[in-house]
Amino acid sequence: MDEKDIKAQELHTLRHSCSHIMAQAVQNLYPNAKLAIGPAIDNGFYYDFDIEGVTLNEESLENIEKEMKKLVDKDLRFEKYVIPDVQAQIDEFKAQGEIYKAELLEEHRNDNPTLYLTKDKDGNVLFNDLCSGPHLENTRKIKAFKLLSVAGAYWRGSEKNKMLQRIYATAFASKDELKEYLTMLEEAKKRDHRKLGKELDLFSVHDEIGAGLVLWHPNLAVVRENIENYWREEHRKRGYVIVNTPQIAKSKLWEVSGHIDHYRENMFFVQKENEEDDQFIIKPMNCPFHILIYAAQRRSYRDLPIRMAELGTVYRKEKSGALGGLTRVQGFTQDDAHIFCTPEQIVNEINEIIDFVQDAMSIFNMTFEVELSTRPESYVGDLEHWNMAEAGLKEALDKRGMKYDINEGDGAFYGPKIDFKFKDAIGRTWQCATIQLDFNLPIRFDLKYQDKDGELKTPIMLHRVVFGSMERFHGILIEHFAGAFPAWLAPIQAAVVPIADRHIEACDTVFKKLKDKGIRVTLDDRSESMNYKIRDNLQNKKIPYVLVLGDKEIADGTVAVRARGRGPFGTFNADDFIEKLENEINSKGKNIIEKAE
């Protein structure tokens, strides 16, 4: 275990221990509170409570936090206790009304279940919780924690069960680390893409259409159009063919692919009119369609690799409580690709994809972390093929000298995968790009190619996305840029502002020049003050450049430029500035305009 893993484990133990103190504090303040589960998670911890007649709010959180600090100051000790008589403990929990603990203990009765006791300095037991640990020795190490929010959560995540109250919280080893994290959360609130989506008129979701089904407004549709144009251009450069496939297919296709057996709960079925009609399914994946395009012709080893790409819209059922904005949706467009290759080509193809991901992320000023996910418990195919696939992915990463974490058991049901977690401007990571290696589907669909020895062999299939889903990626971009898109993506790239009404005609001339160059521009001739219009365009509408014209600029053939986030930018010859802006846009921000001297 390396230093990073050790620190992560220490933080996990700290947070798990803090969750017990929170549960103890809640029961001190609300004696009728029943405990459910309270795990540590990536950014902190949570605990689910059933508190009859009480609705927790911000004031409640403040009081719970104060009670937690009192408990921490008592220097309490955590002690592991192996349950000697499971049935007696279950009966005790039921007698106490701890129905959730009783249910969990019943499930784990044969797993040597343990309690963790919280004791004071005199050895008195103040609290116990059903838990496998580990925990801190005592509360002295709990120095920095914060309760963040309350949300509803169904017991076991099922809508058939009772709604509980979940308290989200976090804890760190030091107050400085906690302060840094809370500052990041405040910044994240300002960048929330749902908030900015309304303010900048980017997208909307409507009950009349359905949760998780997004309407792209013109402003965000322009951003998407430019990213899709980049996507198509890059794919053609890199030897891909671009295809289009239907939105629905007969259920038989999804039986062959294995999706009905392994993905049924996430699929939308089209209602049959008559029993004899074929059942159709709205596609949750693009891969079976690409496989059939491959199978439409005889293939030789000389044809491989075949790189097939599609901006394919798919639909997947999600629980309504999990949906939000652009980042969790039910209908989304994947920048999907499938590569059919020989075993000898796997490592090279994976490296080509990694190069693509690196190049794409560089234009958005993002870095990424890498994770290798291995065989899950529920998998299809031969173990031998899985071992070969995992070895191929590891070899590709190792040959590049890339650092990566191994995520045991989190692969797709048909193959292991490499996940790329993009890091945004405030340090958060987002799962986007992925490479999945698949021996299974080519066998299920009996795909073949004729090898150089004349034998028919089964190709290897790589599933790959760079951005992931267009919806999710745009949500990430909105937050990464805080709505202030770079000039090449900005819905409006420049605004022309007259100082007075007599300058409108000259502004219109500059406006038309910009428009003729394909630059997205607006002429702001509102009857507001010049300063208001400059501020509104730069700060509220987040337009990259504002060009101001008055008597002097018109006489000199110049424009006075204000740049978003950089203030007064100097005076430029109008034609020179238009050329510079065109260059910045076409270079996707590699040639950013510098201030005039």
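Side chains included, hydrogens not; waters and symmetry mates left out as well; all remaining heavy atoms used.
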With a 4.0 Å cut-off on N to O distance, would you call [X] and [Y] a salt bridge?
X	Y	value
K195	E199	yes
K417	D419	yes
E369	K423	yes
R191	E186	no
E310	K283	yes
D576	K580	no
E371	K421	yes
D536	R526	yes

Residue pair [X] / [Y]: nearest heavy atoms and the distance that separates them:
X	Y	value
L215	H206	CD1-CD2, 3.4 Å
V466	A360	CG1-CB, 3.8 Å
R316	F268	C-CE1, 3.6 Å
E553	V548	CG-O, 3.8 Å

Using 0.5 Å steps for rounding, measure from the [atom1] atom of [X] to the [atom2] atom of [Y].
X	Y	atom1	atom2	answer
R328	E471	CZ	CD	13.5 Å
E505	L549	CD	CG	12.0 Å
E187	L185	CD	CG	11.0 Å

Inset, instruction - For E479 and R428, run salt bridge (Lys or Arg N to Asp or Glu O under 4.0 Å): C-alpha distance rounded to whole Å, both residues' side-chain angles, the deciding distance at 0.1 Å, then the answer. - result: CA-CA 10 Å; E479 299 201 6; R428 297 171 300 176; 2.9 Å; yes
Inset, instruction - Verify salt bridge (Lys or Arg N to Asp or Glu O under 4.0 Å) between K512 and D516, making sure each step is shown before the conclusion. - result: CA-CA 6 Å; K512 286 175 180 174; D516 288 345; over 6 Å; no
Inset, instruction - Fit a plane to each ring of F473 and F422, take the angle between them on a 0 to 90° scale, and name the class: parallel (under 30°), tilted (30 to 60°) or perpendicular (over 60°). - result: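 Judged by the thresholds at 30° and 60°, the geometry between F473 and F422 is perpendicular.
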Inset, instruction - Look at the aromatic rings of F364 and F467 and report parallel, tilted or perpendicular, splitting at 30° and 60°. - result: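 F364 vs F467 ring planes: perpendicular.
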Inset, instruction - Would you please test R238 and E352 for salt bridge (Lys or Arg N to Asp or Glu O under 4.0 Å) and show each step? - result: CA-CA 9 Å; R238 296 169 192 266; E352 292 280 348; 5.4 Å; no
Legend entry - Side chains of L538 and K542 in contact at under 4.5 Å (non-hydrogen atoms):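 No. Closest side-chain heavy atoms not under 4.5 Å.
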Legend entry - Neighbour count >12 (heavy atoms, 6.0 Å) for atom CD, E58: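 No, CD of E58 has 12 or fewer neighbouring heavy atoms, counting only those of other groups under 6.0 Å.
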Inset, instruction - Would you indicate whether K317, at its atom NZ, is surrounded by more than 12 heavy atoms from other residues, nucleotides or ligands within a distance under 6.0 Å? - result: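 Counting other residues, nucleotides and ligands, NZ of K317 exceeds 12 neighbours.
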Inset, instruction - Using the six-membered ring of W155, assess whether NZ or CZ of K162 lies under 6.0 Å from its centre and within 45 degrees of the ring axis. - result: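 K162 over W155 ring: no.
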Inset, instruction - With R562 as the cation and F569 as the aromatic partner, state whether NZ or CZ is under 6.0 Å from the six-membered ring centre and within 45° of the axis. - result: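 Judged by the rule (NZ or CZ under 6.0 Å from the ring centre, within 45° of its axis), R562 is not positioned above F569.
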Inset, instruction - Please collect all salt bridge (charged side-chain N to carboxylate O under 4.0 Å, His left out) contacts where either partner lies in residues 480-500, sequence neighbours excluded, each pair once. - result: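 Residue pairs passing salt bridge (charged side-chain N to carboxylate O under 4.0 Å, His left out), neighbours aside: none found.
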Legend entry - salt bridge (charged side-chain N to carboxylate O under 4.0 Å, His left out): pairs with one or both residues in residues 205-217, sequence neighbours excluded: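 Qualifying pairs: none.
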